[in-house]
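Structure record follows, encoded as structure tokens.
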Amino acid sequence: MKSVDVKILDPRMREQLPTYATMGSAGLDLRACLDQPLVLEPGMTQLVPTGLAIHVADPGYAAVILPRSGLGHKHGIVLGNLVGLIDSDYQGPLMVSAWNRSNSAYTIEPMERLAQLVVLPIAQIQFNVVEDFDTSTRGTGGFGSTGKG
Ligand SMILES: O=c1ccn([C@H]2C[C@H](O)[C@@H](COP(=O)(O)OP(=O)(O)OP(=O)(O)O)O2)c(=O)[nH]1
Ligand SMILES: [Mg+2]
């Protein structure tokens, strides 16, 4: 398993560092390190601290912050940036942009699991400028070009 340096910015996180819930879990749940409940009115977005800073360090990896499906589907609590991308050289506090896309207020409780962190391999690329691409099966077809059925 890959090791990633973490700084504990909120002492409450010392006892509950994120771990994989099951052997096959891809995400580590991030908690809302709030001092009091936060009422997120419909349409509102609020930056919520996770109490952690990570340093992925290896440019061959990045972390992404994704919504939790239960919160997103049942309560409309997703991310204001849709997906949070954590660069491998970022060392600042991990923040979650919590967006209430529903029509009802939602109260985020202190230390509630709000979002999840996934570490992914990354390919950094360099562009090779060409006039024409090598032929591919798809060519320029897209946006439903393969049909519906
Ligand atoms: O949900 C998020 C998204 C980003 N970040 C941090 C880590 C990331 O490495 C940094 C910058 O994010 P990004 O590059 O997506 O934002 P930007 O608007 O392009 O800012 P910058 O000019 O700092 O790159 O902010 C978070 O803590 N949470
Ligand atoms: Mg950026």
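As the structure lists them, so they are numbered: ligands from 1, and atoms in each ligand from 1.
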* Asked: Does E109 have any side-chain hydrogen bond (donor to acceptor under 3.5 Å, both in side chains) partners at least two apart in sequence or in another chain, and if so, which?
  -> none

* Spacing of L52 atom CG and L17 atom CG [to the nearest 0.5 Å] -> 6.5 Å

* Structure fact -> Pocket residues around ligand 1 (non-hydrogen, under 4.0 Å) come out as I65, N81, G84, L85, I86, D87, Y90, P93, L94, M95

* Asked: Can we say D10 and R31 salt-bridge, meaning some charged N sits less than 4.0 Å from an Asp/Glu carboxylate O?
  -> no

* Asked: For P67 and L82, which heavy atoms make the closest approach, and how far apart are they?
  -> CD-O, 4.2 Å

* **More than 12 heavy atoms from other groups under 6.0 Å of CE on M111** => yes

* Provide the closest heavy-atom pair for I65 versus A115 in the form atom of the first, atom of the second, distance. => CG2-CB, 3.8 Å

